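Note sheet for the following structure.
Atoms considered below: every heavy atom in the structure, side chains included; atoms not considered: hydrogens, waters and symmetry mates. A note on names: the letters A, B, ... follow the listed sequences, proteins ahead of strands, and every chain is numbered from 1. Because the structure is a prediction, the values reported are computed rather than measured.
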Amino acid sequence: MKVRLKCTVNQEPVEVLADDYKTLLEVLREDLQLTGTKHGCELGECGACAVLVDGTPVLSCLVLAVESEGRRITTVEGLAADGRLHPLQKCFADLGAAQCGYCTPGILITAKALLDAEPNPSRARICEALSGNLCRCTGYLQIVEAVEAAAKAPR
Amino acid sequence: MMRLPGFRYRAPRTIGEAAAWLAENPANTMLLAGGTDLLPNMKRRQQTPSTVVALRGITSLSEIHNGDGLAIGSGVTLSHLIGDARVRQSYPGLWQAAAQVATPHLRNMGTVGGNLCLDTRCTYYDQNYEWRKSIDFCMKRDGKICWVATSSPKCLAVSSTDTAPMLQALGATVTLVSIRGERIVPVAELFANDGMRYLTRQPDEIVTSIRVPAATGWRSAYWKLRRRGAFDFPVAAAAVAARFDGARVVDLRIVLGAVSSRPLSADRAAALLTGQDLSDELIESAAVAAAGIAKPMDNTDFELVWRKKMVRSLVSHALHEIRGDDMRARRHQLARQELLIPASASAAR
Ligand SMILES: Cc1cc2nc3c(=O)[nH]c(=O)nc-3n(C[C@H](O)[C@H](O)[C@H](O)COP(=O)(O)OP(=O)(O)OC[C@H]3O[C@@H](n4cnc5c(N)ncnc54)[C@H](O)[C@@H]3O)c2cc1C
Ligand code: SF4
Ligand code: FES
Ligand code: FES
């Protein structure tokens with residue numbers, strides 16, 4: 001069965017007709033063509049699918065799309081504003097924090113929520129906040145350094 | 001790609017409405033809280049309810065109330081729980097258990113009720129449909145025998161919830177509601193030592209709240225063994241709660257996690273310490289006694305003989321911690337995380 005879903009995605013009101021068994025990840029990628037959010041393990045183990053729902057990082061592969069009714073969703077596509085990269089995006093690019101890039105959207109969105117709540121997190125806090133985001137390429141050091149640099153950048 | 005199987009979705013607004021939906025067809029209906037256990041299981045076809053009753057719309061379930069202790073709604077997220085200053089100050093063991101569940105994202109979604117009712121786990125069961133089919137299904141789902149112990153008449157899947165052993169050690173109770181009424185049972189009685197029927201909860205019952213008694217005079221600690229420091233299910237755990245009169249233990253409970261199909265109470269080990277001062281020697285004998293009852297099976301990560309040995313260490317660490325020893329270095333060595341999550345910074349939905 002199809003259900004009509006109304007929510008806000010990256011500050012724009014969205015109305016979509018989607019299969020009722022779909023996850024938020026599937027609706028974002030398949031029905032809204034927002035393919036920035038990545039499809040990894042589908043079981044909650046990797047963090048590639050992380051998005052913000054009402055400002056909180058969650059795993060979109062384990063959220064029923066129907067449960068997103070009326071909610072405010074932020075995906076990696078919503079990070080840049082007025083054609084300008086978010087400081088996190090700029091620092092990730094400048095400091096080599098992305099290699100294959102598959103984990104990057106989930107990490108950017110999770111780090112954004114961290115910096116919104118705690119503008120000056122310690123290194124240990126950054127590691128903790130990102131502990132649910134797997135990266136197979138970088139070894140994490142550049143990622144943590146990029147988040148530290150973004151925290152210091154003027155916003 | 002693993003899609004969810006089809007299901008009817010119900011989103012009640014009140015507990016009464018939820019109980020009524022559940023009562024229509026309890027055998028084929030499952031409750032959905034945070035979904036971090038149920039949805040992966042549905043994708044892997046381990047659980048395939050025809051109806052899913054979602055609890056998220058029932059706002060009264062996501063509140064924490066003061067009283068004689070704390071009344072924690074079953075829908076309170078783990079992030080909400082560890083962000084609560086009362087939990088952090090008065091029930092450090094519960095805080096430590098909840099803070100080590102899964103990942104920050106999953107704690108933003110997963111609830112206390114869902115954590116208590118978490119499905120038992122096993123290497124032969126937590127696999128996708130094709131994997132399980134290829135070796136032939138086991139009795140927990142679709143098959144007849146147990147691959148861990150082929151002569152076992154029952155499933156030996158492992159209780160893997162982090163908060164249940166701690167809540168049991170703290171003497172918590174749960175409230176269960178159905179259209180037939182309400183009953184309150186000790187957490188210890190919510191569980192059965194059977195990997196398939198691991199809950200005594202009736203199929204039409206909803207866990208609505210968890211009541212933790214007043215913490216006055218009590219200290220608590222939770223120690224967990226897992227493969228990765230970042231996150232992992234427990235493969236052995238020790239929850240300890242004790243009430244002191246000066247240095248003397250007046251009351252003490254030790255509950256082991258992840259070494260049985262239910263949280264396992266180590267009463268004989270606890271009795272060794274009751275009425276005593278916690279000396280190094282007594283702590284060691286209690287740790288040995290506790291490890292003696294642990295029955296880890298070869299169905300989780302790590303070698304089982306080592307897991308059993310580690311139970312002794314975990315119980316010992318927990319007892320040293322409640323005695324007041326500085327265990328920070330040892331905890332960091334085991335958890336490989338600082339557990340810095342600040343109270344209040346973690347938002348909850
Ligand atoms: C990668 C990963 C790692 C994890 N690591 C851990 C870990 O380290 N430790 C740990 O303990 N857990 C872990 N989990 C499991 C899970 O995230 C948590 O246990 C979580 O608290 C489950 O809560 P939930 O609300 O998401 O449960 P749900 O998935 O919504 O429900 C779980 C079960 O409980 C039932 N249920 C839910 N609410 C109620 C209720 N009110 N009354 C009766 N029944 C109910 C459901 O029907 C279902 O059977 C992990 C999960 C993943 C995917
Ligand atoms: S313990 Fe045995 S029956 Fe239970 S899930 Fe594992 S293999 Fe299956
Ligand atoms: S795709 Fe959601 S956590 Fe891996
Ligand atoms: S950059 Fe490749 S997984 Fe992180």
Per-pair distances, 0.1 Å, donor-acceptor, side chain in residues 11-22 of chain A, under 3.5 Å, sequence neighbours excluded:
{"unit_1": "Glu15(A)", "atom_1": "OE2", "unit_2": "Arg4(A)", "atom_2": "NH1", "d": "3.4"}
{"unit_1": "Lys22(A)", "atom_1": "NZ", "unit_2": "Glu30(A)", "atom_2": "OE1", "d": "2.9"}
{"unit_1": "Lys22(A)", "atom_1": "NZ", "unit_2": "Asp31(A)", "atom_2": "OD2", "d": "3.0"}

Which of the residues Leu64(A), Thr23(A), Val3(A) is involved in the greatest number of heavy-atom pairs with chain B at under 4.5 angstrom? Leu64(A)

With only heavy atoms counted, which part of Met42(B) is less than 4.5 Å from chain A, the side chain, the backbone, both or neither? neither

Does the Ser79(B) side chain pair with the main chain of Arg107(B), one donor and one acceptor, at a distance under 3.5 Å? yes

Tell me, side chain or backbone of Arg44(B) under 4.5 Å from chain A's heavy atoms, or both, or neither? side chain

When you check the gap from the basic side-chain N to the acidic O, do Arg3(B) and Glu26(A) get nearer than 4.0 Å? yes

Can you check side-chain contact (heavy atoms from CB on, under 4.5 Å) on Cys61(A) and Leu25(A), steps first, answer last? CA-CA 5 Å; Cys61(A) 72; Leu25(A) 174 66; 3.9 Å; yes

Applying a heavy-atom distance below 4.5 Å, give me the residues of residues 37-49 of chain A that approach chain B, sorted by number. His39(A), Cys41(A), Glu42(A), Leu43(A), Gly44(A), Glu45(A)

Main chain of Gly36(A), side chain of Glu77(A): is a donor-acceptor contact present, judged purely on distance under 3.5 Å? yes

Flag the pair Asp232(B) and Arg227(B) as a salt bridge only when some basic side-chain nitrogen lies within less than 4.0 angstrom of an acidic carboxylate oxygen. no

Which atoms of Cys127(A) are under 4.5 Å from chain B, going by heavy atoms: the side chain, the backbone, both sets, or neither? neither

Taking only Lys NZ, Arg NE, NH1 and NH2, and the carboxylate oxygens of Asp or Glu, determine whether Arg125(A) and Glu128(A) approach each other closer than 4.0 Å. yes

Name every donor-acceptor pair, under 3.5 Å, that has one atom in a side chain of residues 9-20 of chain B and the other anywhere in the protein, sequence neighbours excluded.
{"unit_1": "Tyr9(B)", "atom_1": "OH", "unit_2": "Glu67(A)", "atom_2": "OE2", "d": "2.6"}
{"unit_1": "Thr14(B)", "atom_1": "OG1", "unit_2": "Glu17(B)", "atom_2": "N", "d": "3.1"}
{"unit_1": "Glu17(B)", "atom_1": "OE1", "unit_2": "Arg13(B)", "atom_2": "N", "d": "3.3"}

Side chain / backbone / both / neither for Leu32(B) at chain A, heavy atoms under 4.5 Å: side chain

Is it the backbone or the side chain of Leu130(A) that comes under 4.5 Å from a heavy atom of chain B, or both, or neither? neither

Please output the side-chain donor-acceptor pairs of residues 109-120 of chain B that fall under 3.5 Å, not counting sequence neighbours, one pair per line with the distance.
{"unit_1": "Thr111(B)", "atom_1": "OG1", "unit_2": "Gly114(B)", "atom_2": "N", "d": "2.9"}
{"unit_1": "Asn115(B)", "atom_1": "OD1", "unit_2": "Thr161(B)", "atom_2": "OG1", "d": "3.1"}
{"unit_1": "Asn115(B)", "atom_1": "OD1", "unit_2": "Thr163(B)", "atom_2": "N", "d": "3.1"}
{"unit_1": "Asn115(B)", "atom_1": "OD1", "unit_2": "Thr163(B)", "atom_2": "OG1", "d": "2.6"}
{"unit_1": "Asp119(B)", "atom_1": "OD1", "unit_2": "Lys140(B)", "atom_2": "NZ", "d": "2.7"}
{"unit_1": "Asp119(B)", "atom_1": "OD2", "unit_2": "Asn41(B)", "atom_2": "ND2", "d": "3.3"}
{"unit_1": "Asp119(B)", "atom_1": "OD2", "unit_2": "Tyr125(B)", "atom_2": "OH", "d": "2.6"}
{"unit_1": "Thr120(B)", "atom_1": "OG1", "unit_2": "Lys140(B)", "atom_2": "NZ", "d": "2.9"}
{"unit_1": "Thr120(B)", "atom_1": "OG1", "unit_2": "Gly195(B)", "atom_2": "O", "d": "2.7"}

